[in-house]
Trainee: 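Take a look at the following structure, please.
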Amino acid sequence: MKPWPKALRGLVAGALTLNVLDLTSTIEPSFIDHLRETPPRSEAALWVQLALAAVAAVLLVRALPAIARTVRALPIPRPALVVLGLFLAIDAVHVALRQEHYPFSNVGMFSSAVPDDLAATPIRSDRKILVLEPTGVQAMSFLLEGNPWFARYDFGFDYKAGWIMHLYATSYSRALAIVTEVLVAQGLPPPRIVQVAWSTQTGELINREPPPAGAP
Amino acid sequence: MNAVADTWLQRLHLPGSPTQLAVLRIIIGLHVFAVLSSPAIPLLDRIGATPYPLAHSALPDGLADFVDAHLALPLREVGLLASLLLALGLFTRTSAVVTTVCFFVTQHYWFRRASFHDDWLYLCFDLLVLCFARCGDALALDTRLPWNRGRPLAAPQSYRWPIEAMVLGFAFVYVSAGLAKLLPLRKGLLWLDGSSAQAFAGEFALDAPIRLLFGTLPFDLAVQWPFTLASWATVVIELGAGLLLWSRRAYAPVFVGILGLHLGIWMFGIPGFVQLALVHLPIFLDPRHFARMDPRRA
């Protein structure tokens, strides 16, 4: 029998691998699904996928000697091969299971599906730090403060410090104290944490509501 | 370009350049120095941030807490010195190992408290590669030390596998990112309609540099089709990183695509990853470009 063309073999291997990953990625719950649940798989689809996974397993077992020969022939020093290979293998398991345990990662940032009504809403709201400047009220963006080209205030943050304050400035009192200290030193009044709304059409603040009870 | 020996497995057997590997060592060393000297890590300590509930460690809980409480911040100081020595190529093997240990420990502290989605994490594999590589045979102070003078160079392939290992690691990260968006496929179909990218853009609208550049958002974020296009492009670019293992012809388009992807995400509010991509630029250059600067063989 004539062997299959290389491209076709590659396509089949890719499809079988994707099928296996589709199965493994639902074994464990993942934070990726916290915003929107993945639609359930039908029972018929599950049986078809399991049958294809069995085919993949048989093909993999048959290919193992060739894979082992290839790995042994790699011109990489054995200690490096073992350590780096183990690191990537454990990482691959994390990708397959959609899990993250430092230092192994499934690189799952921005992978969550979100509800349609959240995506298309013309108004978003969140707790933000507002600063009263002589020119008016400004919503503090720590992500912009982490960039020397766009920073308004002199925090001395890099983009990572900006990210930390983006995460924690409204939830950790010591973070707010740091912000207050810097702004007051620049002759500005202490900032306030306020529930604000902004337009996703223009990116501008559209209202400011009083802070919820108990907020600093 | 040699079309015959062009796949990743074939490229491993080609000669490499000690200078190319040294350039990579210098860039990674300086980048790690910048990471460890970032104000972000002491800032976490200053505000008393506790581990983020979803940020898991491969270490058992008790050990993870011990590492964070007693080792992370002191080893950050050691790592600063070691990464500088790594960049200078002084006591290169030792400084590579010490930098790697310090980086792993410091990043453990950072990762658990910085809501865990982070580009710094992906330097770990590169540092592991440098621990085993002959990366101090060129552009290194080690070569000036009296006891190292006349030390012969290794076989040319010894300078190639670390570069190709980093190409593999780079492709692995981006293909994984593409798969994370698609898997399971029933979720991937929802993600590809663009609503996720749209929701993130809306969430970060106040933080978007593009709003400052244009004076307003360049288009109404409630319109979905630009995000549908961007989502498909993202997955194509990320999965396309797998082509890096197939042929060197993919290097330029994949690298430009990835850089464009990160710049686009940054313009809509989320910084990061641009630096990670730029740090890897030397691995995509042909070793023959460095040959003129390579030390002469005895």
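Proteins come first, then strands; the chains are lettered A, B, ... in the order of their sequence lines, and each starts at number 1.
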Trainee: Let me know if A:H94 has heavy atoms under 4.5 Å from chain B in its side chain, its backbone, both or neither.
Mentor: neither
Trainee: Tell me, for A:P40 versus chain B, whether the close heavy atoms (under 4.5 Å) come from the side chain, the backbone, both or neither.
Mentor: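 Backbone of A:P40 only, per the 4.5 Å heavy-atom cut-off to chain B.
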Trainee: Is the distance between the ring centroids of B:F200 and B:F268 under 6.0 Å?
Mentor: no
Trainee: Between B:V175 and chain A, with a heavy-atom cut-off of 4.5 Å, which part of the residue counts as in contact: side chain, backbone, both or neither?
Mentor: neither
Trainee: Relative to chain B, which segment of A:D33 carries a heavy atom at a distance below 4.5 Å: side chain, backbone, both, or neither?
Mentor: side chain
Trainee: Please work out which of the three classes, parallel, tilted or perpendicular, describes the rings of A:Y159 and B:W120, given edges at 30° and 60°.
Mentor: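 Ring orientation, 0 to 90° scale: perpendicular.
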Trainee: Against chain A, work out which of B:A40, B:P184, B:G215, B:A34 has the most heavy-atom pairs shorter than 4.5 Å and name it.
Mentor: B:P184
Trainee: Tell me, side chain or backbone of B:R211 under 4.5 Å from chain A's heavy atoms, or both, or neither?
Mentor: side chain
Trainee: Measuring heavy-atom distances to chain B, does A:L167 have an atom under 4.5 Å in its side chain, in its backbone, in both, or in neither?
Mentor: side chain
Trainee: Got A:W149 and A:L144 here, is their nearest side-chain heavy-atom distance under 4.5 Å?
Mentor: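 Side-chain contact under 4.5 Å: no.
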Trainee: B:L261 versus B:E238: any side-chain heavy-atom pair under 4.5 Å?
Mentor: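 Yes, side chains in contact.
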Trainee: Output yes when a side-chain donor or acceptor of A:K128 lies under 3.5 Å from a complementary backbone atom of A:R192, and no otherwise.
Mentor: no
Trainee: Among B:S176, B:P162, B:A222, who wins on heavy-atom pairs under 4.5 Å with chain A?
Mentor: B:S176
Trainee: Looking at A:K160 and B:D119, is any side-chain nitrogen of the basic one under 4.0 Å from a carboxylate oxygen of the acidic one?
Mentor: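 Yes, charged N to carboxylate O under 4.0 Å.
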Trainee: Checking A:L74 against chain B: side chain, backbone, both or neither under 4.5 Å from a heavy atom?
Mentor: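 Contact with chain B involves the side chain of A:L74 alone.
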Trainee: Side chain from CB out, backbone as N, CA, C, O: work out which of these in A:S173 comes under 4.5 Å of a heavy atom of chain B, or both, or neither.
Mentor: neither
Trainee: Given a strict heavy-atom distance threshold of 4.5 Å, which part of B:L168 is in contact with chain A: side chain, backbone, both, or neither?
Mentor: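 Only the side chain of B:L168 comes within 4.5 Å of chain A.
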Trainee: Could you tell me which portion of A:F110 (side chain, backbone, both or neither) has an atom closer than 4.5 angstrom to a non-hydrogen atom of chain B?
Mentor: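 A:F110 touches chain B through backbone and side-chain heavy atoms alike.
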Trainee: Any chance the rings of B:Y52 and A:F31 have centres within less than 6.0 Å?
Mentor: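 No; A:F31 has its ring centre 6.0 Å or more from that of B:Y52.
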Trainee: Between B:H108 and B:F103, does the ring centre distance come in under 6.0 Å?
Mentor: no
Trainee: Among the options B:A177, B:A205, B:A208, pick out the one with the most heavy-atom pairs lying under 4.5 Å from chain A.
Mentor: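 Greatest number of close heavy-atom pairs with chain A: B:A177.
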Trainee: For B:L43, is it the side chain, the backbone, both, or neither that has a heavy atom closer than 4.5 Å to a heavy atom of chain A?
Mentor: side chain
Trainee: Contact part of B:L192 toward chain A, heavy-atom cut-off under 4.5 Å: side chain, backbone, both or neither?
Mentor: neither
Trainee: Which one wins on heavy-atom pair count under 4.5 Å against chain A: B:L44, B:I41, B:L179?
Mentor: B:L44
Trainee: Do B:H262 and B:Y174 have ring centroids that are under 6.0 Å from one another?
Mentor: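 Ring centroids of B:Y174 and B:H262 are less than 6.0 Å from each other.
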Trainee: What part of A:T202 lies closer than 4.5 angstrom to a heavy atom of chain B: side chain, backbone, both or neither?
Mentor: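 It is both, since atoms from each part get that close.
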Trainee: Could you check whether any side-chain heavy atom of B:L213 comes within less than 4.5 Å of a side-chain heavy atom of A:F150, counting everything from C-beta outward?
Mentor: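 Heavy-atom side-chain distance check passes, below 4.5 Å.
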Trainee: Counting only non-hydrogen atoms closer than 4.5 Å, does B:R160 touch chain A with its backbone (N, CA, C, O), its side chain (CB onward), both, or neither?
Mentor: neither
Trainee: Hey, is the main chain of A:S111 close enough, under 3.5 Å, to the side chain of B:K187 for a donor-acceptor pair?
Mentor: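 Such a contact is found between B:K187 side chain and A:S111 backbone.
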Trainee: Name the region of B:F104, side chain, backbone, both or neither, that has any atom closer than 4.5 Å to a heavy atom of chain A.
Mentor: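 Both backbone and side chain.
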Trainee: Give, as side chain, backbone, both or neither, the part of A:L88 having an atom under 4.5 angstrom from any heavy atom of chain B.
Mentor: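 For A:L88, the contact with chain B is made by backbone and side chain together.
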Trainee: Is A:R36 close to chain B through its backbone or its side chain, or both, or neither, when contacts mean heavy atoms under 4.5 Å?
Mentor: side chain
Trainee: Are B:R113 and B:F111 in a cation-pi setup, meaning NZ or CZ lies under 6.0 angstrom from the ring centre and within 45 degrees of the ring axis?
Mentor: no
Trainee: Between A:A177 and chain B, which part of the residue has a heavy atom less than 4.5 Å away: side chain, backbone, both or neither?
Mentor: neither
Trainee: Taking side chain as everything from C-beta outward and backbone as N, CA, C, O, which of these in A:A175 sits under 4.5 Å from a heavy atom of chain B? Side chain, backbone, both or neither.
Mentor: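 Answer is both: backbone and side chain atoms of A:A175 are under 4.5 Å from chain B.
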Trainee: Counting only heavy atoms closer than 4.5 Å, note whether A:I164 contacts chain B via side chain, backbone, both or neither.
Mentor: side chain
